[in-house]
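Shown next, in structure tokens, is the structure this report addresses.
So you know, we letter chains A, B, ... as the sequences are listed, proteins then strands, and number each from 1.
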Number of protein chains: 2
Amino acid sequence: MPALSIGDLARRTGVPVETIRYYERMGLLPKPPRTEGNYRAYEAAHERRLAFVKRSRDLGFGLDAIRALLDLADGADRPCGEVDALARDQLAEVERKIADLTAMRAELQDMLGHCRADTVADCEIIGRLRGR
Amino acid sequence: MPALSIGDLARRTGVPVETIRYYERMGLLPKPPRTEGNYRAYEAAHERRLAFVKRSRDLGFGLDAIRALLDLADGADRPCGEVDALARDQLAEVERKIADLTAMRAELQDMLGHCRADTVADCEIIGRLRGR
DNA sequence: CTTGACCCTGTAGCGACTACAGGGTGCAGA
DNA sequence: TCTGCACCCTGTAGTCGCTACAGGGTCAAG
Ligand SMILES: [Zn+2]
Ligand SMILES: [Zn+2]
Ligand SMILES: [Zn+2]
Ligand SMILES: [Zn+2]
């Protein structure tokens, strides 16, 4: 496989070019070698690392957590307790957000269900935002 | 009721002082009169407006939407269709986020359930982040 | 040899805050 | 009266994870 340009890598991973450069600046991706014309030249290892980052982002991990996951992934014979702890923290965070959003959804649905679509003066939504 | 200081208003509404000043800069709250010593002096109307903003934020409305809601709330005899549209948009946004987070939760739970807490080399979580 | 797609760096903007730094005000206790 | 302390002021910069330029350089096809 020949070296990939940043655009090639973007197409293959679905991560925008600007975001790849941002990840490099943030230390998630190693600085790749450059061509004569100063273009980044990626290899398969870079693509695997970026795919790892993308899957982690898709699960909502923050960039700090991803840096930690990448470090852990490099040490094959270490116990995976730290990995699991990061995943559990992330799960807890996701569950907290779901709980918040579920409460918002219930209130919005209830407001909308009670509104008789009349004037603003007796609109249930405005009324509740005012505090009854 | 005497005038309230920004700290009083913060305690009464649960909105931090810095956030109240931020809302003022963003045009969500009118600039209150000042005391001799240049302190903001709030009245009950300010407290009601800030409470409206807080309840809207708690439902996840963005500041642009809240500005629109505040404008609509001021015109009592206008039909409330626009209000309802804003609420429906917000509900749709909340439902989209819940869907995303629910997918993340399922994957995180499944990963955690499959991990036999051994070494990183055969950790299910790291394995899936690598793409099997 | 020109066109156009791509690449480079560096900087600024987004949303909704949050956290200072460096000062001024106001009141209660010694 | 002094002094300490809590509070207030403005202005600016940082957070997170991008995203969008501006102003250039590179490269291959036609
Ligand atoms: Zn109801
Ligand atoms: Zn209504
Ligand atoms: Zn499974
Ligand atoms: Zn594991």
Do Arg40(A) and Arg34(A) have side chains that get closer than 4.5 Å, going by heavy atoms? yes
Looking at Arg40(A), does any N or O in its side chain come under 4.0 Å of the phosphate oxygens OP1/OP2 on dC7(C)? no
Please determine whether a side-chain nitrogen or oxygen atom of Tyr23(B) lies at a distance below 4.0 Å from atom OP1 or OP2 of dC17(C). yes
Using atom CG of Leu50(A) as one end and atom C1' of dC18(D) as the other, report the distance to the nearest whole Å. 14 Å
Considering only heavy atoms, which members of residues 60-68 of chain A lie under 4.0 Å from some atom of DNA chain D? Gly62(A), Leu63(A)
First encountered from the 5' end of DNA chain D, between Asp8(B) and Asn38(A): Asp8(B)
Between Arg11(B) (CZ) and dA6(D) (C1'), how many Å, whole number? 10 Å
Name the closest nucleotide to the Tyr39(B) side chain, picking from dG25(D), dT25(C), dC17(C). dT25(C)
So, for Gly27(B) and Arg67(B), which heavy atoms are closest and what is the spacing to 0.1 Å? O-CG, 4.3 Å
Specify the residue among Thr35(A) and Ser5(B) whose closest nucleotide of DNA chain D lies further upstream toward the 5′ end. Ser5(B)
Worked verdict on Asp8(A) versus Arg12(A) for salt bridge (charged side-chain N to carboxylate O under 4.0 Å, His left out): CA-CA 6 Å; Asp8(A) 295 334; Arg12(A) 292 166 72 114; over 6 Å; no
Quick one: Ile20(A) CD1 to dC6(C) P, roughly how many Å, whole number? 14 Å
Please enumerate all residues that pass side-chain contact (heavy atoms from CB on, under 4.5 Å) together with Arg55(B), with sequence neighbours excluded. Leu129(A), Ala51(B)
Going by an N to O cut-off under 4.0 Å, is there a salt bridge joining Arg21(B) and Glu24(B)? no
Return the polar atom pairs (N/O with N/O) between nucleotides 19-22 of chain D and the protein under 3.5 Å, or none.
from	atom 1	to	atom 2	distance (Å)
dC21(D)	N4	Glu18(A)	OE2	3.2

Report the distance from atom CD of Glu36(A) to atom P of dG25(D), rounded to the nearest whole Å. 17 Å
Whole-Å distance, Asp58(B) CG to dA16(C) P, equals 14 Å
Has the side chain of Arg88(B) got a donor or acceptor atom that lies under 3.5 Å from a matching backbone atom of Ala92(B)? no
To the nearest 0.5 Å, tell me how far Leu91(A) CG sits from Met111(B) CE. 11.0 Å
Where do Tyr42(B) and Pro32(B) come nearest, in terms of heavy atoms and distance? CE2-CG, 3.5 Å
I need the CG-P distance between Leu28(B) and dG15(C), as an integer number of Å. 12 Å
Minimum heavy-atom separation for Leu28(B) and Leu70(B), please, with both atom names. O-CD1, 3.7 Å
Rounded to whole Å, the CD-C1' distance (Glu24(B) to dT10(D)) equals 12 Å
Starting at CE of Met26(B) and ending at P of dC14(C), how long is that distance when rounded to a whole Å? 10 Å
